[in-house]
Amino acid sequence: MIKFLDLHKINWPYQEAFHQKMQQVLDKGWFILGDEVSAFETDFAAYCGTKYCIGVGNGLEALVLIFKGYIQLGKLQKGDEVLVPSNTYIASILAVLQADLVPIFVEPNLETYNINPDLISAKITPKTKAILPVHLYGQVAEMDKIKAIAQQHNLLVIEDAAQAHGALLGNARAGNLSDAAGFSFYPGKNLGALGDAGAITTNDADLAKVIFALRNYGSEKKYHNDFIGVNSRLDELQAAFLNVKLPHLDKENDLRRAIAKRYLTEINNDKITLPTWDFSNKHVFHLFVIRTENRTALQEFLKQNTIETLIHYPIAPHQQQAFSDWKNMSFPITEKIHQEVLSIPISPVMTSAEVDFVIQVLNRY
Ligand SMILES: *Cc1c(COP(=O)(O)O)cnc(C)c1O
């Protein structure tokens, strides 16, 4: 059986280091906002190339806190519109809603699955104040075009970088391509903790200062509350685990890219559409997503051949039961994507024999 993602195997090489870290944290007896969190914030900011990193509870809250931070700074107001891709993981949209902002959907580009910059301008109204591009599946969105539009209309740009740790556009990393970015370290992400964790990166000193307070009850100084904050702190122990794994992220992303290159050159089947990857950007292949017209048949065929696959994602956000107001909206490209996509195994611990096998089976379909 080729698992879709073997988290046991992914974390196995770090077990001894994890045990050591756990002992260190126990010995110190300091469990919230300690040295491990500070060290991770320093190192992850350096890795992304940003001035600041703020560790928070998870990826959703990272995005919510960016919006709330801008509201606190007066750069956003309740009811402002935020442009988001109509095909994204639900968390991008929940973040906008939880900050009392209004998501406005923009269709993606069928080639990249990322927000289509050519469709953005038509959606801009006097209430539009921000764009939230999502670097879906690990490939950075077309940030140059997006930023040019944002500049022209005086909009903030916030990256949802939850699937793109380490991805590069030229020499700049995801997380350092906009005003602020939200990351998730959910265990299955390219940089995954052993539980929930997240972070914000930014070069904006004012925003960083507000978010450092907001994540901790709105307090900079203990028992002095300047803002109405939340409790969303990066856990000390999770930060310790992330400190072990961060130095290995580039190497692991290289392994993902090598598998993706093999899939792209060796999978050859008319019934399967492969993802397009412009080699000038450093895609980190959080997911390798193929498309096919009869997805159920392909998924079943792969399952019978002991290959596990998943669907990212089966239901478009505007068609989710939670959002009945949007059920009559129509986003044909998004809907087509949700009907046809299938994610095949890709991870730094896949063996070349496993990759061979996946290719062979797909070519036989
Ligand atoms: C995983 C993910 C999130 C949310 O992260 P959590 O840590 O699970 O809250 C947000 N956006 C995208 C695109 C994601 O893939």
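As the structure lists them, so they are numbered: ligands from 1, and atoms in each ligand from 1. Owing to the predicted nature of the structure, the values given are computational and were not obtained by experimental measurement.
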>> Can you name the atoms of ligand 1, numbered from 1 with element, that are less than 4.0 Å from a heavy atom of N58?
In response: 7 (O), 9 (O)
> Hey, is K189 touching ligand 1 through its side chain, its backbone, both or neither, going by heavy atoms under 4.0 Å?
Replying inline: side chain
> Do any nitrogen or oxygen atoms of Q163 come within less than 3.5 Å of a nitrogen or oxygen of ligand 1?
Replying inline: yes
> What do we get for L136 next to ligand 1 when only non-hydrogen atoms under 4.0 Å count, side chain, backbone, both or neither?
Replying inline: neither
>> If you count heavy atoms of other groups shown closer than 6.0 angstrom to NZ of K9, is the number above 12?
In response: yes
> Are there more than 12 heavy atoms of other residues, nucleotides or ligands under 6.0 Å from atom CD of E300?
Replying inline: yes
> Would you call D196 a ligand 1 contact, heavy-atom distance under 4.0 Å?
Replying inline: no
>> Quick check on contacts: which atoms of ligand 1 are under 4.0 angstrom from a heavy atom of V134?
In response: 13 (C)
> Any side-chain donor paired with an acceptor under 3.5 Å for E142 and T112?
Replying inline: no
> E41 pairs by salt bridge (Lys or Arg N to Asp or Glu O under 4.0 Å) with which of R215, R233, K51?
Replying inline: R215
>> Polar contacts were defined as any N/O atom of the residue lying under 3.5 Å from an N/O atom of the ligand; does this apply to Y89 and ligand 1?
In response: no
>> Under 3.5 Å between any N/O of L63 and any N/O of ligand 1: does that happen in this structure?
In response: no
> Does the ring center of Y89 lie less than 6.0 Å from the ring center of H312?
Replying inline: no
>> Return the closest protein heavy atom for atom 9 (O) of ligand 1 as residue, atom name and distance.
In response: L60 N, 2.9 Å
>> Under a plain distance cut-off of 3.5 Å, with no hydrogens placed, do S92 and D160 share a side-chain donor-acceptor pair?
In response: yes
> Are N231 and Y217 linked by a side-chain donor-acceptor pair shorter than 3.5 Å?
Replying inline: yes
>> Side chains of H165 and N190 only: does a donor on one sit below 3.5 Å from an acceptor on the other?
In response: no
> Can you tell me the protein heavy atom closest to atom 13 (C) of ligand 1 and the distance?
Replying inline: D160 OD2, 3.4 Å
>> What protein heavy atom lies closest to atom 10 (C) of ligand 1? Include the residue and the distance to one decimal.
In response: A91 CB, 3.4 Å
